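All values derive from a computational prediction rather than experimental measurement. By convention in this document, chain letters (A, B, ...) are assigned in the order of the sequence lines, proteins followed by strands, and residues within each chain are numbered from 1.
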Number of protein chains: 2
Amino acid sequence: MDDVTEPPSRKGAARKIELLDATLRIIARDGLAGLSMRGLAAEAGAPLGAVSYYFAGKDELVEAAFARHSEIEGERMAAMIRRVGAGTPDEAADAVADFVVEGCTVRRRQLITEYELMVESARRPALQESTAGWLRSLRAQMVEAMTALGSADPEIDARLLLAVISGLEVDSLADEPGPTQRDVVRSVLSRLRGAR
Amino acid sequence: MDDVTEPPSRKGAARKIELLDATLRIIARDGLAGLSMRGLAAEAGAPLGAVSYYFAGKDELVEAAFARHSEIEGERMAAMIRRVGAGTPDEAADAVADFVVEGCTVRRRQLITEYELMVESARRPALQESTAGWLRSLRAQMVEAMTALGSADPEIDARLLLAVISGLEVDSLADEPGPTQRDVVRSVLSRLRGAR
DNA sequence: GCTCAACTTGGACGTTCGTCCAATTCTGAG
DNA sequence: CTCAGAATTGGACGAACGTCCAAGTTGAGC
């Protein structure tokens, strides 16, 4: 994942990050449709010119915000996968369930941003490439975790578990998550060792 | 789901549907961010005034487009669930796999629209309510199908299967679906009868 | 302390936007 | 045939938009 924080800058890097975090807040609240250079400037408490200075155009802004988001959420997800591969199946279920429940509640804002950007990457080749790479990386990590967990078919089980996670998250966007999320996660993980 | 086609109109209903279908095309291609009254008029080959005449504002337009989309896709999904509950587990797996594969390939445009609207309903209470109702209805149908299939815990299995479907679809937005989708579906359905 | 690149800022430009309205045509019920 | 209401249209309006630029400020390296 691109590191957004390093450019030639002196202190410009800090401001760039402020702008990107403000961008992610706006996307969560109003969507890409509600994102404007002026609105961003207002949200970040910066003059309009500052936005133009750091980002050549709206497209570049969105792509940079995407990279920033992946940087943050990718690490969070990698940590979850590490927990999955490190413990017993029951501990793995807790790791996944914690991740999902946290995503759907306290991190709901970031969740909305995540899927907004996901949908947008279905349209922009530049985003698609980077999202596909991100998903493949997570899947590879998950395959490893499934292997460590003794899965009979780690490749399929990894895809299955990742799909369940995405699915539970997406459903929670519109419908209340409900207490069954943990049960669903436990259910799928309890069957990993079954015959296939 | 609201029926969009009935208003007091004479022939206005046909035009309203044309406008809504054009709206859904634009959302798939350019997102809600790329949807404008003028662009819609151009896409539908109608004058700008026609859009204002049939929809009081952009919000109402989006909500009507959402209802139109649910009308179409809801029926398609219901048909799939019927197939799931009607046959053997193997036939059920085929029904789900066919549905997912078709959604990710030939119906990719509609898939993008679906998740764009899904994310948007996380922001608008009006959409959220109707999306939540839609999901609950599908889930109820799926619970029935799981029961017919002999599931030991139809409620959980229904949520699990629906989550897998959503997850596979979402992943396919950015990454190529690949031939493993069928395997994942078969894998999850082959475990429905297992102990829990 | 001079220099130059990085940074910062306010404002102007032309475009596109959502909304609104007056005028006109169409059409089915009485 | 008549007429009320639906359908249709083009254009006008102010607001908000993305982009660009010229002028100013800052601060590390020489």
Report task. Calculate the interatomic distance between A/F55 atom CZ and D/dC20 atom P; express it in whole Å. Result -> 16 Å
Query raised in the report: In terms of side-chain geometry, is the basic nitrogen of A/R123 or B/D30 positioned less than 4.0 Å from the acidic oxygen of its partner?
Result: no
Query - Nucleotide C/dC21, atom P - distance to CE of B/M37 in whole Å - result: 14 Å
Query raised in the report: Phosphate oxygens OP1/OP2 of D/dT9: is one of them under 4.0 Å from a side-chain N or O of B/R15?
Result: yes
Query - Per B/K58 side chain, nearest of listed nucleotides D/dT9, C/dC7, C/dG18 - result: C/dG18
Report task. Mind calculating the distance between CG (A/L48) and P (D/dC17) to the nearest angstrom? Result -> 10 Å
Requested in this report: Please report, rounded to the nearest Å, how far the P atom of D/dT19 is from the CG atom of A/L35.
Outcome: 11 Å
Query - First of A/R38 and A/Y53 reached from the 5' end of DNA chain C, by closest nucleotide - result: A/Y53
Query raised in the report: So, is A/S52 near the phosphate of D/dC20, with a side-chain N or O under 4.0 Å from OP1 or OP2?
Result: no
Query raised in the report: Any Lys/Arg nitrogen of A/E75 or A/R82 sitting under 4.0 Å from an Asp/Glu carboxylate oxygen of the other?
Result: yes
Requested in this report: Calculate the interatomic distance between A/L19 atom CG and C/dC7 atom C1'; express it in whole Å.
Outcome: 13 Å
Query raised in the report: To the nearest Å, how far apart are A/E60 CD and D/dG18 C1'?
Result: 14 Å
**Report entry** Test: B/E144 and B/R139 ion pair at under 4.0 Å
**Finding:** no
**Report entry** Euclidean distance, atom CG of residue B/D59 to atom C1' of C/dG18 [Å, nearest integer]
**Finding:** 11 Å
Requested in this report: Rounded off to whole Å, could you give me the OH-to-C1' distance for the A/Y54 and C/dA6 pair?
Outcome: 8 Å
Query raised in the report: Between B/E91 and B/R83, does at least one N-O distance fall below 4.0 Å, as a salt bridge requires?
Result: no
